[in-house]
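Every chain is numbered from 1, with letters handed out A, B, ... down the list of sequences.
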Amino acid sequence: MTDLESLLNDRLAAAFAAVAGEPADPVVRRSQHADFQADGALPLARRLGRAPRDIAADALGRADLADLVATAEISGPGFINLKLRGDALAGLLAAMSGDERLGVPAASAPETVIIDYSHPNVAKEMHAGHLRSTVIGDAVARTLDWLGHDIRRANHVGDWGTPFGMLIEHLLDLGETEAAHELSVGDLNGFYQAARVKFDADPVFAERSRLRVVALQSGDETTLRLWRLLVDESEKYFLAVYDKLGVTLTAADFCGESYYNDMLAPVVDTLDGLGLLQESDGAQCAFPQGFAGRDGQPTPIIVRKRDGGYGYGATDLAAIRYRTQELKATRLLYVVGSPQSRHLEMVYQTAREAGWLAEPARAVHVGFGQVLGADGKKLASRAGQTVKLMELLEEAVTRAAAIVAEKNPELDADTRAEVARMVGIGAIKYVDLSSDRIKDYTFSWERMLSFSGDTGAYLQYTHARIKSIFRRGGVGPDRAAVVLLDSPAERALAMELLGFPAVVADAAQTLQFHRLAGYLQGLAGAYTAFYDNCPVLKADGPTRASRLLLCDLTARVIAQGLGLLGIEAPERM
RNA sequence: GCCCUCGUAGCUCAGGGGAUAGAGCAACGGUUUCCUAAACCGUGGGUCGCAGGUUCGAAUCCUGCCGGGGGCACCA
């Protein structure tokens with residue numbers, strides 16, 4: 001019960017409801033003119049035919065706020081400005097300090113959540129385009145997991161389809177040992193491109209590849225073994241990237257397209273039985289309601305291609321059915337780039353029409369924009385090639401190491417390397433999560449690795465400074481200390497700290513992590529003002545104990561908040 | 001052609017229908033016998049793409065235009 005905003009909201013909602021005779025939003029917001037303002041009187045004015053100031057006064061008279069609010073004033077056209085009691089803030093903060101969960105309640109109704117993210121392609125390098133899905137999806141997973149939901153990470157790996165004919169033939173040409181070596185060291189692009197070149201240039205190879213696809217689809221044992229080899233070696237490499245990136249995906253989360261192979265025929269049959277399929281140009285198609293393409297013609301999802309093979313639409317539909325019917329998931333999150341918005345909406349609509357996506361289950365596209373280079377175009381290397389994710393991560397750590405070595409030469413080599421890893425990887429994750437995910441963002445090493453400003457490193461630095469106080473003082477926090485909020489800086493810090501539960505709840509619902517990032521920046525700013533104005537170790541007795549508690553709580557909130565974003569908080573840096 | 005999305009300070013970005021639109025970076029000017037100056041304080045800087053509309057009130061909601069990006073059947 002440390003969520004200040006909901007407390008105020010609940011109390012005022014009751015008062016406004018009493019005035020209005022029906023439920024009414026009190027419109028509680030943080031305010032420049034007070035701690036909070038409640039603007040609920042204004043929208044009611046017309047409906048009730050009364051002056052808004054009069055309504056505000058009436059609501060205030062009925063509101064039970066004595067234990068929380070020191071002063072409440074009506075201002076302007078009918079805003080209620082609320083200044084909170086210091087002892088109320090101190091009490092809430094004490095409760096937060098004593099709570100392992102920092103005032104954030106576990107979900108009252110945990111649900112099974114599928115998070116479909118990362119989805120690299122077998123025998124293809126992970127590149128910058130996989131970064132956002134992986135980073136955002138992992139933040140989703142960490143956040144919902146912390147709130148107590150039953151999380152299923154679904155790594156929908158591209159491990160099936162016609163390219164595997166040529167890939168397997170290329171593997172045979174190379175020899176299994178050599179091929180496995182090439183794949184395991186991560187030269188996936190080289191492997192794929194070599195196969196592609198042969199496919200385009202050599203008709204004999206191309207024909208072998210086509211026959212190999214047939215063998216693969218008909219379940220030929222030798223072919224399947226070779227296919228499995230490609231998949232296994234690629235997955236090993238993906239896990240190395242995940243380890244480098246510090247995400248929670250494991251080998252157990254690989255659930256590629258091939259996983260649904262046996263479900264495709266039944267899914268298509270079921271759709272057909274429901275009357276949802278039509279033949280068009282020789283293909284079996286579903287035409288979900290509400291989607292038109294060129295010429296206003298309905299746009300199909302192709303579930304079965306003219307050649308008899310299944311399309312990705314069939315796989316996506318099989319996955320939905322499996323997730324809601326077998327796994328009993330009620331929240332399906334697709335962390336996929338914005339361009340696929342339409343396709344996903346069509347899949348969801350088809351699933352609804354088939355009865356596989358019904359309340360309380362719902363599917364949400366957690367979309368995101370592109371990563372742009374300095375030229376404003378999709379991030380690419382000098383030569384115009386895609387940027388390998390592994391190389392991007394290595395460069396981030398290398399650059400961070402140089403900066404850490406320069407800023408703090410006293411760190412021993414091991415610590416420096418560890419800090420560089422946390423800072424470099426954290427920087428990449430932070431830029432990705434700190435602006436509205438639906439927008440594109442511009443990639444800039446200089447900006448993201450700056451140690452001041454809106455960066456991960458600044459938050460990590462704030463955390464490290466706090467930890468330094470405890471080290472320097474040779475003390476630990478007394479989490480049961482009496483909280484004193486005598487100075488404006490202490491009071492302002494308290495207000496920020498108490499905002500944490502609401503921000504986490506918002507992030508869990510909207511999956512807009514930039515609001516959490518922005519909150520942490522605000523908290524770090526409030527802490528720095530406190531740090532400058534309120535000596536901690538030099539203070540005495542209860543003041544010192546209270547300030548140590550504030551330091552401890554701030555460090556815990558920053559570390560937890562960063563943790564939800566998948567960013568580590570070093571003890572020193 | 002249709003659909004989606006974005007357009008806010010020089011740059012990168014926040015802004016859940018509410019008061020005088022905010023941060024960070026960059027620029028300029030300050031602050032250190034003090035727990036990490038990797039910091040802090042101050043100053044300047046905006047017809048919120050344009051035009052209508054809804055509303056007591058619009059950067060926010062609606063419509064139309066302009067501009068950038070993306071998508072529109074057998075790749076996923």
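Residue-level contact check: A292(A) touches neither bases nor backbone, having no heavy atom under 4.0 Å from any strand. Looking at heavy-atom distances under 4.0 Å, Y441(A) makes contact with sugar-phosphate atoms alone, never a base. The residue N121(A) sits apart from the nucleic acid: no heavy atom pair falls under 4.0 Å. Among the atoms of the strands shown, none is found under 4.0 Å from any heavy atom of P77(A). When heavy atoms are screened at a 4.0 angstrom cut-off, A529(A) is found touching no nucleic acid atom at all.
Phosphate proximity of A39(B) to R465(A): absent, as no side-chain N or O sits under 4.0 Å from OP1 or OP2. Between Y310(A) and the phosphate of C75(B), there is no side-chain N or O to OP1/OP2 separation shorter than 4.0 Å. A sub-4.0 Å separation between OP1 or OP2 of U36(B) and a side-chain N or O of R472(A) is present. Between K407(A) and A37(B), a side-chain N or O to OP1/OP2 separation shorter than 4.0 Å is absent. For C75(B), the OP1/OP2 oxygens have no side-chain nitrogen or oxygen of H343(A) closer than 4.0 Å. Close to A73(B), at under 4.0 Å from its OP1 or OP2, lies no side-chain N or O of R306(A).
Classification of the Y322(A)-Y260(A) ring pair by plane angle, with boundaries at 30° and 60°, yields perpendicular. W445(A) and F443(A) have perpendicular rings, their planes meeting at more than 60° on a 0 to 90° scale where under 30° would count as parallel.
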Here RNA chain B, pairs taken as Watson-Crick or G-U under 3.5 Å and shown with ( ), [ ] when crossing and | when to another strand, reads (((((((..((((....[...)))).(((((.......))))).....(((((..]....))))))))))))....
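Summarising the geometry, atom CD1 belonging to I115(A) is positioned 12.5 Å from atom CD1 belonging to I136(A); distances are rounded to the nearest 0.5 Å. Rounded to the nearest 0.5 Å, atoms OH (Y334(A)) and NE2 (H156(A)) are 8.0 Å apart.
Comparing the same atom, C1', in A14(B) and in G7(B) gives a spacing of 15 Å after rounding to whole Å. Across the P atoms, A59(B) and U47(B) are found 14 Å apart, a figure rounded to whole Å. Taking atom C1' in both C66(B) and A26(B), the straight-line distance is 30 Å, to the nearest Å. Taking the P atoms as reference points, U55(B) lies 33 Å from G1(B), given to the whole Å. Between U60(B) and G49(B), the two C1' atoms lie 16 Å apart (nearest whole Å). The P atoms of C74(B) and U12(B) are separated by 37 Å, rounded to the nearest whole Å. If you take atom C1' in C28(B) and the same atom in C13(B), they sit 23 Å apart, rounded to whole Å.
With hydrogens and angles ignored, the 3.5 Å screen pairs a side-chain donor or acceptor of R547(A) with a backbone N or O of P535(A).
The residue among V536(A) and W160(A) whose nearest nucleotide of RNA chain B lies closer to the 5′ end is V536(A). Residue whose closest nucleotide on RNA chain B sits further toward the 5' end, between Q297(A) and I403(A): I403(A).
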Please tabulate, for the side chains in residues 120-130 of chain A, all donor-acceptor contacts under 3.5 angstrom to protein atoms that are two or more places apart in sequence or on a different chain.
unit_1  : atom_1 : unit_2  : atom_2 : d
E125(A) : OE2    : Y237(A) : OH     : 2.8
H127(A) : ND1    : G129(A) : N      : 2.9
H130(A) : ND1    : H127(A) : N      : 3.1

Sequence neighbours left out, cut at 3.5 Å: what donor-acceptor pairs do the side chains of residues 344-351 of chain A make with other protein atoms?
unit_1  : atom_1 : unit_2  : atom_2 : d
Q349(A) : OE1    : R352(A) : NH1    : 2.9
Q349(A) : NE2    : E353(A) : OE2    : 2.9
T350(A) : OG1    : M346(A) : O      : 2.8

Would you be so kind as to tabulate the donor-acceptor pairs closer than 3.5 Å made by side chains of residues 305-319 of chain A, with sequence neighbours excluded?
unit_1  : atom_1 : unit_2  : atom_2 : d
D307(A) : OD1    : G309(A) : N      : 2.7
D316(A) : OD2    : H343(A) : NE2    : 2.7

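With centroids closer than 5.5 Å and planes inclined by less than 30 degrees as the test, H33(A) and the base of A19(B) pass as a stacked pair.
Y461(A) places its OH atom 11 Å from the C1' atom of C35(B), with the value rounded to the nearest Å. Distance CD (Q349(A)) to P (C72(B)): 19 Å, rounded to an integer number of Å. F287(A) has its CZ atom 14 Å from the C1' atom of C72(B), to the nearest Å. Taking atom OH on Y458(A) and atom C1' on U12(B), their separation rounds to 17 Å, with Å as the unit. When the P atom of U12(B) is taken as reference, atom CG of D436(A) falls 16 Å away, rounded to whole Å. For the pair R53(A) CZ and G18(B) C1', the computed distance is 15 Å after rounding to whole Å. Between L317(A) atom CG and A73(B) atom P there is a gap of 18 Å when expressed in whole angstrom units. Regarding R29(A), its CZ atom lies at a distance of 6 Å from the C1' atom of G16(B), rounded to whole Å.
Figure legend: R30(A) and F36(A) shown as a cation-pi pair, the cationic atom lying under 6.0 angstrom from the six-membered ring centre and within 45 degrees of its axis. Relative to the six-membered ring of F164(A), R212(A) misses at least one condition, a distance below 6.0 Å or an angle of at most 45° to the axis.
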| said: Apply side-chain hydrogen bond (donor to acceptor under 3.5 Å, both in side chains) to residues N155(A) and Y117(A) and explain how you reach the verdict. | reply: CA-CA 6 Å; N155(A) 197 346; Y117(A) 70 109; over 6 Å; no
side-chain hydrogen bond (donor to acceptor under 3.5 Å, both in side chains) assessment of R515(A) paired with Q512(A): CA-CA 6 Å; R515(A) 295 193 196 167; Q512(A) 295 187 315; 2.7 Å; yes
request  = Could you please spell out the steps behind the side-chain hydrogen bond (donor to acceptor under 3.5 Å, both in side chains) verdict for T299(A) and R342(A)?
outcome  = CA-CA 10 Å; T299(A) 305; R342(A) 184 182 168 83; 3.0 Å; yes
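Closest to the side chain of K305(A), out of G15(B), A14(B), C74(B), is C74(B).
In this model, a donor atom of one side chain and an acceptor atom of the other lie less than 3.5 Å apart for D412(A) and T415(A).
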When you compare the protein's N or O atoms with those of nucleotides 21-31 of chain B, which come within less than 3.5 Å of each other, and at what distance?
unit_1 : atom_1 : unit_2  : atom_2 : d
G24(B) : O2'    : D454(A) : N      : 3.3

Polar atoms only, N or O, under 3.5 Å: list the protein pairs with nucleotides 66-71 of chain B and their distances.
none

